[in-house]
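As a basis for the values below, the full set of heavy atoms in this structure was taken, side chains included, without hydrogen atoms, waters or symmetry mates.
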Amino acid sequence: QAELVESGGGTVQPGESLRLSCVGSFSNFVKGWFRQTPGKEREFVADINFHGSVINYSDPVKGRFTISRDNDKSAIYLQMNSLKPEDTAIYYCAAKRGWTAEYNTWGQGTQVTVSS
């Protein structure tokens with residue numbers, strides 16, 4: 001399968017927004033976003049099933065982040081609003097074959113930095 005490629009990261013001030021994109025070969029996979037800060041374990045952010053009918057968010061991002069997908073473009077997105085300094089991390093997209101499977105396909109990550 002093709003590698004996943006993230007884009008859209010950058011540096012913003014608190015309260016601003018970013019939209020992350022991830023493209024690659026997804027087929028009917030479940031797709032998700034994770035993030036990691038140095039010294040911390042990788043953290044789940046959000047995931048979404050093929051039709052977008054089942055979506056999960058971690059508590060820190062609920063109400064601020066929105067995950068979506070466009071299967072015709074083999075893409076998933078993460079709209080990140082009201083960004084906080086604690087959102088600073090490398091963000092990774094990932095894919096797995098089903099809800100009970102393990103994530104086994106990962107992108108290289110894109111850096112998101114939120115600071116004044």
Chemist: Identify, with sequence neighbours excluded, every residue that meets side chain to side chain donor-acceptor pair (under 3.5 Å) alongside Ser68.
Modeler: none
Chemist: Atom CD of Glu43 and atom OG1 of Thr37: how far apart are they, to the nearest 0.5 Å?
Modeler: 7.5 Å
Chemist: Partners of Lys62 by salt bridge (charged side-chain N to carboxylate O under 4.0 Å, His left out), sequence neighbours excluded?
Modeler: Asp59
Chemist: Look at the side chain of Tyr103 and the backbone N and O of Val30, then say whether any donor-acceptor pair between them is shorter than 3.5 Å.
Modeler: no
Chemist: Working to the nearest 0.5 angstrom, can you tell me the gap between Leu20 CG and Thr110 OG1?
Modeler: 6.0 Å
Chemist: Decide yes or no for Ser21 and Lys73: does some side-chain heavy atom of the first lie under 4.5 Å from some side-chain heavy atom of the second?
Modeler: no
Chemist: How long is the straight-line distance from CZ of Arg19 back to OG1 of Thr66, given to the nearest 0.5 Å?
Modeler: 10.5 Å
Chemist: Taking the side chain as C-beta and beyond, is there a heavy-atom pair between Ser17 and Asn81 under 4.5 Å?
Modeler: yes
Chemist: List the atom of Asn104, the atom of Lys96, and the distance in Å for their closest heavy-atom pair.
Modeler: OD1-CA, 4.3 Å
Chemist: Kindly indicate, with the supporting measurements, whether the criterion side chain to side chain contact (heavy atoms under 4.5 Å, CB included) is fulfilled by Glu6 and Gln108.
Modeler: CA-CA 7 Å; Glu6 302 97 333; Gln108 83 292 340; 2.9 Å; yes
Chemist: Grab the two heavy atoms, one from Leu18 and one from Val112, that are nearest each other, plus how far apart they are.
Modeler: CD1-CG1, 3.8 Å
Chemist: Testing the basics here: between Tyr92 and Trp106, what is the closest heavy-atom pair and its distance to 0.1 Å?
Modeler: CB-CE3, 4.1 Å
Chemist: Can you find a pair of side-chain heavy atoms, one from Val61 and one from Trp33, that are under 4.5 Å apart?
Modeler: no
Chemist: Once rounded to the nearest 0.5 Å, what's the spacing between atom CG of Asp87 and atom CZ of Phe65?
Modeler: 4.0 Å
Chemist: Within a reach of under 6.0 Å around CD of Glu102, are more than 12 heavy atoms found that belong to other residues, nucleotides or ligands?
Modeler: no
Chemist: When rounded to the nearest 0.5 angstrom, what distance separates CG in Leu78 from OH in Tyr91?
Modeler: 7.5 Å
Chemist: Is it the case that the side chain of Thr88 and the backbone of Val114 share a donor-acceptor pair, with hydrogens and angles ignored and the cut-off at 3.5 Å?
Modeler: yes
Chemist: If you compare all heavy atoms of Gln36 against all heavy atoms of Glu41, which two are closest, and at what distance to 0.1 Å?
Modeler: NE2-C, 4.1 Å
Chemist: If we ignore hydrogens and angles and just use 3.5 Å, is the side chain of Asn49 paired with the main-chain N or O of Gly52 as donor and acceptor?
Modeler: yes
Chemist: Here's a test for you: under side chain to side chain contact (heavy atoms under 4.5 Å, CB included), which of Val54, Ile55, Asn56 qualifies with Ile48?
Modeler: Ile55
Chemist: State, to 0.1 Å, how close Leu4 and Ala94 come at their nearest heavy-atom pair, and which atoms those are.
Modeler: CD1-CA, 3.8 Å
Chemist: If I compare all heavy atoms of Arg64 with all of Ser82, which pair ends up nearest, and what's the gap?
Modeler: NH1-O, 3.0 Å
Chemist: Once rounded to the nearest 0.5 Å, what's the spacing between atom OG of Ser58 and atom CZ of Phe34?
Modeler: 10.0 Å
